[in-house]
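Before any comments, here is the structure.
What's counted below: heavy atoms across the whole structure, side chains too, no hydrogens, waters or symmetry copies.
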Amino acid sequence: MKAAVSLLVNTAVLMAVAGYFQSFYIKSFTAALIASVLLSLFHIFLKPILILLTLPVTVLSLGLFLIVINAALLKLTSWVIGSSFVIDGFGMALGAALILSIVNIIVQSVIFDNKKQKRG
């Protein structure tokens with residue numbers, strides 16, 4: 001259930017970011033959903049490897065370099081999907097990664113903390 005909610009939140013946020021910025025383009029909801037699934041797979045399989053490879057920089061930046069890793073994965077997703085999901089420039093990918101991270105933290109804390117409080 002948590003994974004499905006995460007995918008839908010990521011899809012909605014990707015579409016919202018595309019609506020606000022001209023340098024971020026998503027063709028359709030389907031393209032956003034595919035991008036969200038692919039981005040999740042990259043986070044599962046590639047992100048741990050990238051974190052290990054960049055551990056000294058991540059520690060020195062107090063974890064802020066993780067946003068750069070997220071932006072790189074977002075840009076990779078854009079490259080793999082092609083013309084239906086386009087991010088112009090790494091700066092836009094960095095901004096979108098930051099927005100995605102903040103919204104995911106807020107939504108997951110609201111949704112999943114409320115479920116824990118109802119059970120307890």
Side-chain angles (χ1 to χ4, degrees):
M1 180 69 178
K2 188 175 179 178
V5 170
S6 240
L7 281 176
L8 290 177
V9 168
N10 279 343
T11 303
V13 172
L14 286 174
M15 292 189 72
V17 170
Y20 283 107
F21 299 102
Q22 290 182 351
S23 57
F24 194 101
Y25 171 75
I26 297 177
K27 185 176 182 179
S28 64
F29 177 79
T30 305
L33 186 61
I34 291 169
S36 182
V37 169
L38 192 58
L39 188 61
S40 295
L41 290 173
F42 286 158
H43 276 238
I44 291 169
F45 295 110
L46 292 179
K47 189 174 181 178
I49 296 167
L50 291 174
I51 289 172
L52 282 175
L53 291 174
T54 62
L55 192 58
V57 176
T58 303
V59 170
L60 287 174
S61 70
L62 302 175
L64 291 176
F65 194 74
L66 293 174
I67 297 170
V68 175
I69 292 173
N70 288 342
L73 293 176
L74 193 58
K75 193 72 175 149
L76 178 64
T77 303
S78 169
W79 179 75
V80 169
I81 292 179
S83 64
S84 60
F85 180 66
V86 178
I87 301 173
D88 292 334
F90 192 75
M92 185 66 237
L94 196 60
L98 187 60
I99 293 168
L100 272 168
S101 298
I102 291 170
V103 171
N104 275 326
I105 289 169
I106 292 169
V107 169
Q108 289 183 6
S109 69
V110 168
I111 291 174
F112 296 117
D113 283 349
N114 285 341
K115 286 184 180 180
K116 288 179 185 177
Q117 289 176 357
K118 287 180 184 178
R119 289 182 190 164

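- Looking at N70 and K47, their side chains come closer than 4.5 Å, going by heavy atoms from C-beta outward.
- Put simply, the side chain of S23 never gets that close to the backbone of M92: no donor and acceptor are under 3.5 Å apart.
- For the pair A96 and V17, the tightest heavy-atom approach, listed with the atom from each and the gap, is CB-CG1, 4.1 Å.
- Here the closest heavy-atom approach between residue S78 and residue V86 is recorded as OG-CA, 3.7 Å.
- Nearest heavy-atom pair, H43 versus P48, reported as atom, atom and distance to 0.1 Å: O-CD, 3.5 Å.
- Evaluated for a side chain to side chain contact (heavy atoms under 4.5 Å, CB included) with I102, the options I105, I106, L100 yield exactly one hit, I106.
- Minimum interatomic distance between S84 and A31 (heavy atoms only, all atoms of both residues): O-CB, 3.8 Å.
- Looking at L38 and F85, their side chains never come closer than 4.5 Å, going by heavy atoms from C-beta outward.
- Within the 3.5 Å criterion, the main-chain N or O of S83 finds no donor-acceptor partner in the side chain of K27.
- Using a 4.5 Å cut-off between side-chain heavy atoms of Ile, Leu, Val, Met, Phe, Trp and Tyr, with links allowed through other members, V9 and L98 fall into the same hydrophobic cluster.
- S36 places no side-chain N or O within donor-acceptor distance of the main-chain N or O of A32, the cut-off being under 3.5 Å.
- Here OG1 of T77 is found 12.0 Å from CD1 of I34. Values are rounded to the nearest 0.5 Å.
- Distance check: T11 OG1 to L39 CG gives 10.0 Å after rounding to the nearest 0.5 Å.
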> V68 and F90: side-chain contact (heavy atoms from CB on, under 4.5 Å), yes or no, with the steps?
Replying inline: CA-CA 9 Å; V68 175; F90 192 75; 4.0 Å; yes
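- The shortest distance between side-chain heavy atoms of V107 and V13 does not fall below 4.5 Å.
- Hydrophobic clustering, with ILVMFWY side chains joined whenever heavy atoms are under 4.5 angstrom apart, groups I69 together with F42.
- Cluster annotation: L14 and V37 are assigned to distinct hydrophobic clusters (Ile/Leu/Val/Met/Phe/Trp/Tyr, side-chain heavy-atom contacts under 4.5 Å, transitive).
- In this structure, L46 is a member of the same hydrophobic cluster as W79, with clusters built from ILVMFWY side-chain heavy atoms closer than 4.5 Å.
- Taking the side chain as every heavy atom from C-beta outward, F21 and I99 approach each other to under 4.5 Å.
- A97 and A71 make their closest contact through CB-N, 3.6 Å (heavy atoms, listed as atom of the first residue, atom of the second, distance).
- The heavy-atom pair separating S40 from N10 by the smallest distance is OG-ND2, 4.2 Å.
- By the rule that hydrophobic residues join a cluster once side-chain heavy atoms approach within less than 4.5 Å of another member, L50 and F65 end up as members of one cluster.
- We find the CG-CG distance between L60 and L64 to be 11.5 Å, quoted to the nearest 0.5 Å.
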